[in-house]
Number of protein chains: 2
Amino acid sequence: MPALEAIEGALEARGYRVTPARRAVLQAILSRPEHFTAEEVMRRARAGRATVFRTVRLLCELGLLCRVLLEDGRLHYRLLGPRRHHHHLVCVECGRVQDLEECAVGGLVRELASATGYEIQGHWLEFYGRCLSCREPDQGGVR
Amino acid sequence: MPALEAIEGALEARGYRVTPARRAVLQAILSRPEHFTAEEVMRRARAGRATVFRTVRLLCELGLLCRVLLEDGRLHYRLLGPRRHHHHLVCVECGRVQDLEECAVGGLVRELASATGYEIQGHWLEFYGRCLSCREPDQGGVR
DNA sequence: GCGATGATTGATACGAGGTATCACTGATGC
DNA sequence: GCATCAGTGATACCTCGTATCAATCATCGC
Ligand SMILES: [Mn+2]
Ligand SMILES: [Mn+2]
Ligand SMILES: [Zn+2]
Ligand SMILES: [Zn+2]
């Protein structure tokens, strides 16, 4: 999880200004739990609606945020470490999100490309389930 | 692609009535291209907004429609043959959608489950690219 | 047939989540 | 100093739904 300065550095490095509005959005994001909606950021950042959405989009484009697609189709955002393209495992009970280390469908993409003739450019892949701690009561585990 | 009578039969078989409003929605769907939004159905079916959305949801639940997640997060719908759970390959240029024969991440799901302890209950998986015909101009192919 | 019951409908309001406009502000470059 | 352009935010607007609720329709027991 990058610190404020790291994110601001990444913005400046790409020619974007670090303005008060952007800093407000960044602070709101850093104060949020592991994943959040743009609306939640809105409520905490002293910045206009359009600016919040623009900033979130910008951070996604720069690879500083990743988008987490929930099972019901809602979109959340999440700070991204230095990681590249990857996918998520979302606990539908407690909301915990686990980044999956890498993209496990690379082989599948190649197979599909040769089977269908498509030039495959991207994909969505998200998994949903119940995490270990949410399952524990089930199992009548220790204690 | 099921015909009107087949869909109506499926509704009746599960205890749902085939009403004029539902028939109007079905006809609008059958007149649409391979995938469509609920809004497009709205514009063609003489039926109230709520009814259109309710009917589309019902058809999804009954397995008569499948949901196609576009790259930008929008949701389209598509008539489903007798197929089960599967995924899509969407051409981002012409919009063509190809149903993938089966779910190719079953093995991955099992691996993930044992690696993470999650009980994995579902997933989203959609691929985006350019289909063969949309690529052809690229390649200076035959003719 | 008759009334009770439950399914279905559509007008309408509401809500989330996001984009388009556009006049304005504030840095930057010269 | 002035032109230019990135950034801003109020606001209107849009899509894609869901909630409400009174009206209607079909069915069923009698
Ligand atoms: Mn992530
Ligand atoms: Mn399909
Ligand atoms: Zn959990
Ligand atoms: Zn195509």
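First the proteins, then the strands, lettered A, B, ... as listed; each starts at 1.
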Enquirer: Just to confirm, is there a sub-4.0 Å distance from OP1 or OP2 of D/dT8 to any side-chain nitrogen or oxygen of A/R22?
Expert: yes

Enquirer: Expressed in angstrom and rounded to an integer, what is the separation of B/M42 atom CE from C/dT12 atom P?
Expert: 13 Å

Enquirer: What is the distance, to the nearest angstrom, from the CZ atom on A/R46 to the P atom on D/dA10?
Expert: 11 Å

Enquirer: Are OP1 or OP2 of C/dG10 and a side-chain N or O of B/T51 less than 4.0 angstrom apart?
Expert: yes

Enquirer: For the side chain of B/R54 and the base of D/dG17, is some donor closer than 3.5 Å to an acceptor across the two?
Expert: no

Enquirer: Without decimals, in angstroms, what is the distance between A/Y16 OH and C/dG26 P?
Expert: 22 Å

Enquirer: Between B/L112 and B/Y118, is there a side-chain heavy-atom distance shorter than 4.5 Å?
Expert: no

Enquirer: Taking OP1 and OP2 of D/dT18, is either one under 4.0 Å from a side-chain nitrogen or oxygen of B/R57?
Expert: yes

Enquirer: Starting at CZ of A/R74 and ending at P of C/dG18, how long is that distance when rounded to a whole Å?
Expert: 11 Å

Enquirer: Among D/dA26, C/dT28, D/dC16, which is the nearest nucleotide to the side chain of B/T37?
Expert: D/dC16

Enquirer: Base, sugar-phosphate alone, or nothing: which one does B/A50 contact when heavy atoms must sit under 4.0 Å apart?
Expert: base

Enquirer: Quick one: B/L26 CG to C/dT8 C1', roughly how many Å, whole number?
Expert: 14 Å

Enquirer: Using whole Å, what does the distance between atom C1' of nucleotide C/dG18 and atom CG of B/L75 come to?
Expert: 16 Å

Enquirer: For the residue pair B/V97 and B/H76, establish whether any side-chain heavy-atom pair is separated by less than 4.5 Å.
Expert: no

Enquirer: Specify whether A/F127 and B/H123 have parallel, tilted or perpendicular ring planes, treating 30° as the upper limit for parallel and 60° as the lower limit for perpendicular.
Expert: tilted

Enquirer: What nucleotide, of C/dA11, C/dG6, D/dA6, holds the atom closest to the side chain of A/R17?
Expert: D/dA6

Enquirer: Does any N or O donor sit under 3.5 Å from an N or O acceptor when you compare the side chain of B/R49 with the base of D/dG17?
Expert: yes

Enquirer: Begin with the C-alpha distance, continue with both residues' side-chain angles, and end with the deciding distance and a verdict on salt bridge (Lys or Arg N to Asp or Glu O under 4.0 Å) for B/E34 and B/R78.
Expert: CA-CA 6 Å; B/E34 61 171 28; B/R78 172 177 166 86; 3.8 Å; yes

Enquirer: Please tell me which of the listed nucleotides, D/dG17, D/dA10, D/dG7, lies nearest to the side chain of A/T19?
Expert: D/dG7

Enquirer: Can you tell if the side chain of A/Y77 reaches within under 4.5 Å of the side chain of A/R32, non-hydrogen atoms only?
Expert: no

Enquirer: Just compare D/dT8, C/dG18, C/dG10 and give me whichever is closest to any side-chain atom of B/A21.
Expert: C/dG10

Enquirer: DNA chain D: B/F53 or A/T55, which has the more 5' nearest nucleotide?
Expert: A/T55

Enquirer: Give the rounded distance in Å between these two atoms: CD of B/E39 and P of C/dG18.
Expert: 18 Å

Enquirer: Taking 4.0 Å as the cut-off, does a side-chain nitrogen or oxygen of B/Y77 come that near to OP1 or OP2 on D/dG17?
Expert: yes

Enquirer: Could you tell me the separation between the CG atom of B/L11 and the C1' atom of C/dT9, rounded to a whole number of Å?
Expert: 16 Å

